[in-house]
There are 2 protein chains.
Amino acid sequence: MPGPIQSIERAAAILRLLSGGARKMGVAELATALGLPKGTVHGILRTLQHVGFVEQSPDTGKYQLGAALFHIGSSYLDVNELRTRALNWSDSLAARSKESVRIGTLHEGQVLVVHHVFRPDNSSQVLEVGALLPAHASALGKVLLANDPVDQLDPARLTGFTPATCTDPDRLRAVLAEVRSRGWASDVEEMVEGEVSVAAPIRDRRGVTVGAIGISGPIERLCGLAGEDAGTPRAELVSYVREAARAISRDLGAIPW
Amino acid sequence: MPGPIQSIERAAAILRLLSGGARKMGVAELATALGLPKGTVHGILRTLQHVGFVEQSPDTGKYQLGAALFHIGSSYLDVNELRTRALNWSDSLAARSKESVRIGTLHEGQVLVVHHVFRPDNSSQVLEVGALLPAHASALGKVLLANDPVDQLDPARLTGFTPATCTDPDRLRAVLAEVRSRGWASDVEEMVEGEVSVAAPIRDRRGVTVGAIGISGPIERLCGLAGEDAGTPRAELVSYVREAARAISRDLGAIPW
DNA sequence: GCACCCGTTCGACAATGTCGAACGCGGTTG
DNA sequence: CAACCGCGTTCGACATTGTCGAACGGGTGC
């Protein structure tokens, strides 16, 4: 049995399409997208529905993701050692910095958010756990890219979000080199106008970077307003983030450095 | 092709085991649990790993859930119309009641939490989105059970958590009948000692109950301390919850009743 | 060094999923 | 009002495909 099992691969492809596509999709739509006969796709969909991974609208007959998949997927967080260990420290980082905190891992060249602590004021914020962020335009992503053994930089994915977004592969590589030696990364209005983020790497017992922790918030609060600090994150916030990252790394068994 | 596709069903069973089981599992462990030969299980696992639904520890060789599954599963929330519409209202309910808010749906006889707003103080709270709560020992669950067309009451699942938990099927049915006519449910220390919750049903355009919204918090804040209110949720909080439920139902197209 | 348990590989068999055409249904169009 | 198109679904024959159980190789503990 050399190759992977087709039906499962196809089922996974369908789930991925349903996850990315706009809301609901029909059998024919999925079939053409995958280049498969309708009957085959329908058989797979029926099975996926039977196990609760997809649901079908009774009226339109179209398919969407199911609740069982959501529940199973969310229990990934319990298994994720990084997230488990990081829970307490991220709370205290949010309290110290008074900004929202996110923890992410590299997943297929993007940043997968595995934890999110809201900013400790009473503002309403959207939960971003499970979301994928662009790696080149966030502090979390830069930290992860810079410390990753394999060069996951895909020039085709360097989409520009704001004028400040770095879309040039060579320039980005230079930035990453600096991030690696400096030990932390920042993003100043590179993804969203007016938003700034700072992040530092989390390492495990082997010294491998397994994730990153960072804060994000409005530029007025995160950056200095005048003098040398203007346009760069405030030094105290940077040290808060780095201390939190070091604390989690120590919990994971990394040699305290 | 009458029956569902076996390999996909088996893959789903493996994922479910990995989701419920303690952290990581080995091939042999999964094989005996499913009554399948090791080779077969290994083939499925290899495929699941190939699509990113499971990951394998490089050293121990054991398997656990993968990040891709988590990401795909979490995008269920975007498709879920109930959750999308309920976002704003749950924020305002949290602000009015000053307690944490949860929204849930019935899933295989349990309550699947699809949204969770933290209590608007700065206390650290664990995110429960994706978790399954027992239906008989939570206000959300009682609302959902009471308004569900099919009787999903499974006497075997009426586990007792505290002295106040209702474990008798007949008594629970009576409680549910009252919940149905009254339009809201409460849980006073039935799941966790000292914790109280209140919930009301959310209906869609057809009048079908598609979910429930509720608040939960310590008994000292949620219940009256003396007089007639003692041991029952405070009337103003109940009306906050019911108003929020009505507002969301209206958003979903239900006839304002 | 032996015995055991693990994850993994392999090859033969037939059970299994795949395919494409046909069905029934709802909507829209002339 | 009928013809038509597109949808999700069903069906049966074929051979591709996944399944099985035994054997391999590397760990660990006695």
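Naming convention: chains lettered A, B, ... in sequence-line order (proteins, then strands); numbering from 1 in each chain.
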Expressed as a whole number of angstroms, how long is the span from [X]:[atom1] to [N]:[atom2]?
| X | N | atom1 | atom2 | value |
| --- | --- | --- | --- | --- |
| A/Asp59 | C/dC25 | CG | P | 18 Å |
| A/Gln6 | D/dT17 | CD | C1' | 7 Å |
| B/Ile44 | C/dT8 | CD1 | C1' | 15 Å |
| B/Leu30 | C/dG7 | CG | C1' | 12 Å |
| B/His50 | D/dG18 | NE2 | P | 13 Å |
| B/Ile8 | D/dT19 | CD1 | C1' | 15 Å |
| B/Lys24 | C/dC6 | NZ | P | 18 Å |
| B/Leu36 | C/dT8 | CG | C1' | 17 Å |

Considering only [options], which nucleotide approaches the side chain of [X] most closely?
| X | options | value |
| --- | --- | --- |
| B/Thr40 | D/dT19, C/dC19, C/dT18 | D/dT19 |
| B/Arg46 | C/dC19, C/dT9, D/dC20 | C/dT9 |
| A/Ile5 | C/dT18, D/dT19, C/dT9 | D/dT19 |

Problem - salt bridge (Lys or Arg N to Asp or Glu O under 4.0 Å) contacts in which one or both residues fall within residues 63-83 of chain A, not counting sequence neighbours - result: A/Glu81-A/Arg85, A/Glu81-A/Arg205
Practice task
Not counting sequence neighbours, list each pair that qualifies as a salt bridge (Lys or Arg N to Asp or Glu O under 4.0 Å) and has a residue in residues 131-146 of chain B.
Solution key: B/Lys142-B/Glu190
To check you understand the geometry: which heavy-atom pair defines the closest contact between [X] and [Y], and what is its length?
| X | Y | answer |
| --- | --- | --- |
| B/Thr159 | B/Thr165 | O-CG2, 3.5 Å |
| A/Met25 | A/Leu18 | CB-CD2, 3.9 Å |
| B/Val114 | B/Leu77 | O-CD2, 3.5 Å |
| B/Gly130 | A/His71 | O-CD2, 2.7 Å |
| A/Val117 | A/Ala94 | CG1-CB, 3.8 Å |

For nucleotides 4-9 of chain D, tabulate all protein N/O to nucleotide N/O atom pairs closer than 3.5 Å, reporting atom names and distance.
residue: D/dG8; atom: OP1; partner: A/Val27; partner atom: N; Å: 2.9
residue: D/dG8; atom: OP2; partner: A/Val27; partner atom: N; Å: 3.3
residue: D/dG8; atom: OP2; partner: A/Ala28; partner atom: N; Å: 2.9
residue: D/dG8; atom: O3'; partner: A/Gln56; partner atom: NE2; Å: 3.4
residue: D/dG8; atom: N7; partner: A/Lys38; partner atom: NZ; Å: 3.4
residue: D/dG8; atom: O6; partner: A/Lys38; partner atom: NZ; Å: 3.4
residue: D/dT9; atom: OP1; partner: A/Gln56; partner atom: OE1; Å: 3.3
residue: D/dT9; atom: OP1; partner: A/Gln56; partner atom: NE2; Å: 2.7
residue: D/dT9; atom: OP2; partner: A/His42; partner atom: NE2; Å: 3.1
residue: D/dT9; atom: OP2; partner: A/Tyr63; partner atom: OH; Å: 2.6
residue: D/dT9; atom: O5'; partner: A/His42; partner atom: NE2; Å: 3.2

Handout entry: Short side-chain N/O contact from A/Arg10 to OP1 or OP2 of D/dT17, under 4.0 Å
Key = no
